[in-house]
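I have placed the structure first, in the form of structure tokens, so that the comments after it can refer back to it.
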Amino acid sequence: MNSPRIAAGRLRDYLPLLSAAASFVFSLILTFAAAVIEEQSIAEAAVYAFGCSPEALATELFLALIVCALGCLFRSLFAAGAITALAALALVTANYYKTLITSTPLYLSDLNLVTRLGGIVELNSASITVSALTVAAFAVAIAALAGLFFASRVLRMPVRSSLATAIASAALFVGLYCVPSWAEGWFYGPAGAGRTAGTAYSQAYVNARCGTLLGLWRSVVLTGSAAGAAETPEPTDGRTREERLIDDAEEFALSYEPETGGEEAPNVIFVLSESFFDVTELPGVEFESDPVADFHAVQEQGVSGKFYTHTLGYGTSNIEMEVFTGINSRFFDSDQNIYEWEASELLKTPPVPVLFQDAGYYTAYIHTFNDGIYGREGLYSQLGFDEIFFSDDFAAIDPDAAAAPDYWGYMSGKIAGEFYSDDYMADLIIDLYERETENSPVFIWGITMENHTPYTADKYGEYHWPFTSPLEGEDEGVFASVVEGAADASASLGKLVEYFSQCAEPTVIIFFGDHKPGLPLSDSETVYSALGMCPASAADWTAEDYAEMYCTDYVIWSNDVRYLPAEPGTVSDTSSTALGLSALNAASIGLNSWWRLCGALSEAYTAWQWPYFVSKDGETADVPDGLLDSAGMRLIEVVRELMDAEFFGASGPDFSDVLPEMNVDYAPEGAITENRVMVTE
């Protein structure tokens, strides 16, 4: 008679173990579903999830402990599973589409943009296609949740036992995944993603060794103290390490001799041309006529070359901030979106617009879109811009827009390829220059949008640049839209050069593409891989592939050759962290210790980004170690240590201690900064 009661009692004894087992089985299936989304292959996902690889087992245990801890805390494994599945699949899906479009993985800092997700999806909708396998992955996760729903009812424990199991699961989770030294010791270190002195890892590198979820989790538990520079031996000449650091930094800073311009302050105009690059250099593509003829003509009159950056298909805000500040996140221990930093941090260097403003320039920022995604105006108004204009502000520049009875009706006539045209941006720059030129020299930063995604065969009403290529059908139409956008960008540059060629005041125009466009053609192919430029999967890219894909083109032109950084027609490659320095030198603006060290870096190598390094003679490698001499490596070490102290609060001297007579405090009114003694020139 007591056997059912005894059986129930025995089952109750095993409920904690059974709950843990159910959580692990669910997490195993969830890991499989996530792998289907990322791999777009059931077979490869099964090998990963069920193959007992260390990273898969670590991910499954990670998810299982979360489900078990939350499920027992709230006495519902189903609710915990639903929350965990939603978060995990959302992260993996976002990572998949971001990697597909940009060949760059999801960063933890990207989650700050979740409130602007609608605008981001709208801008990239043409590149986001949901495959049958992605739908199947979500179906598998839902089926697993259904099973967990029934298991949750059977395995519900008494409150005391449930709470004890929750505490035990949470304690194990904290010990394995939250204590940095323990997490590194048992998993991240053996996986090849530990905190090694002097070594920094990109998110792509970490994800490849730890999986997407634990790769992102590493950003939570193993980063935050900055550069991780290798230990250097103590000096043997009686100096302390800090004294040696300052001495070496000052020597490097003073070794840089900037090529300055003429005596008169020139107008300086930046045009960040959305996704512009020289399309005529793509392999296997032949044009009947040159779509970027104006750009090529300006190259002959100015200084031009490759413009190395760190993304493909996205990241404009971070790229422009690198130009503003010269800050290279490759000097930190993990990827950084510096556009998310506070103004007080960005002003420590200080930015290019501040220096022009301080030199008596009128400074303006023009963007041919709205401010809905990045919220630039609140930050940029503190970084040295007198006026900031977005698409609803152009009546303040364009007299015809101001006089139009219907502003938006007038503006609709300025659209090309779904956005305001590059030709209209040239008009706005000219109008603003004419409005302000009598009062002072002008510094104008313009960002175009015409060549922004979506790239579709029907983006433009007609196409003017016939070509032959291996692309066919809709793929050919995608590429045709990019060519049309690049051609219009080139023509707008020609319009600016033609106008300012007739101006008496010296003017410098710096024109560059922020990144190549992301051009996915299918779940596994891109325009670039179809043309043979790189493997379809970024996981198979070499440093040379990254350098090729993560560069565009730039040109610096002036109506007075004295303001060029070299003889007209010179080819000289540069990067996003060095281009701002070129503007400062063209205007003969005095450099503080930070910008002098940026100059020294620019003379030591061409580009150093997370996946690649480019030496001054064009050699490419993963890291600089084999391509730089001991002086170059010491320069990197010095700058890393100073940046660690400046931006992350590490002990030791920062940039204010290097040639302090050159440094000025540019903190805006109301900004929170550390108390630092700064001496004005």
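For this chain, numbers begin at 1 and follow the sequence in order.
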[X] side chain near [Y] side chain, heavy-atom distance below 4.5 Å:
X: Y314; Y: K98; value: yes
X: W341; Y: L379; value: no
X: Y528; Y: K516; value: yes
X: W217; Y: C210; value: no
X: L627; Y: V614; value: no
X: T606; Y: T574; value: no
X: M643; Y: I327; value: yes
X: W608; Y: L601; value: no

List the atom pairs, with distances to 0.1 Å, where a side-chain N or O of residues 56-67 and a protein N or O form a donor-acceptor pair under 3.5 Å, not counting sequence neighbours.
unit_1, atom_1, unit_2, atom_2, d
T59, OG1, E55, O, 2.8

Exercise. Going by the ring pair (Phe, Tyr, Trp, His ring centres under 6.0 Å) test, which pairs reach into residues 23-47, not counting sequence neighbours?
Worked result: F32-F50
Exercise. Would you find a donor on one side and an acceptor on the other, under 3.5 Å apart, between the side chain of W594 and the backbone of T325?
Worked result: yes
Exercise. E274 side chain to H452 main-chain N or O, any donor-acceptor pair under 3.5 Å?
Worked result: no
Exercise. Does any donor atom in the side chain of S41 or E39 lie under 3.5 Å from an acceptor atom in the other side chain?
Worked result: no
Problem set entry | Residues forming a salt bridge (charged side-chain N to carboxylate O under 4.0 Å, His left out) with D514, sequence neighbours excluded | none
Seminar exercise, completed: Residue set satisfying side-chain contact (heavy atoms from CB on, under 4.5 Å) with D625, at least two apart, ordered chain then number -> V623, M633
Exercise. Is the gap between the ring centers of W182 and Y188 under 6.0 Å?
Worked result: no
For this session: Please list, chain by chain and in numerical order, all residues satisfying side-chain hydrogen bond (donor to acceptor under 3.5 Å, both in side chains) with E38, sequence neighbours excluded.
Result: N95, T212
Problem set entry | Contacts of type side-chain hydrogen bond (donor to acceptor under 3.5 Å, both in side chains), residue N328, not counting sequence neighbours | none
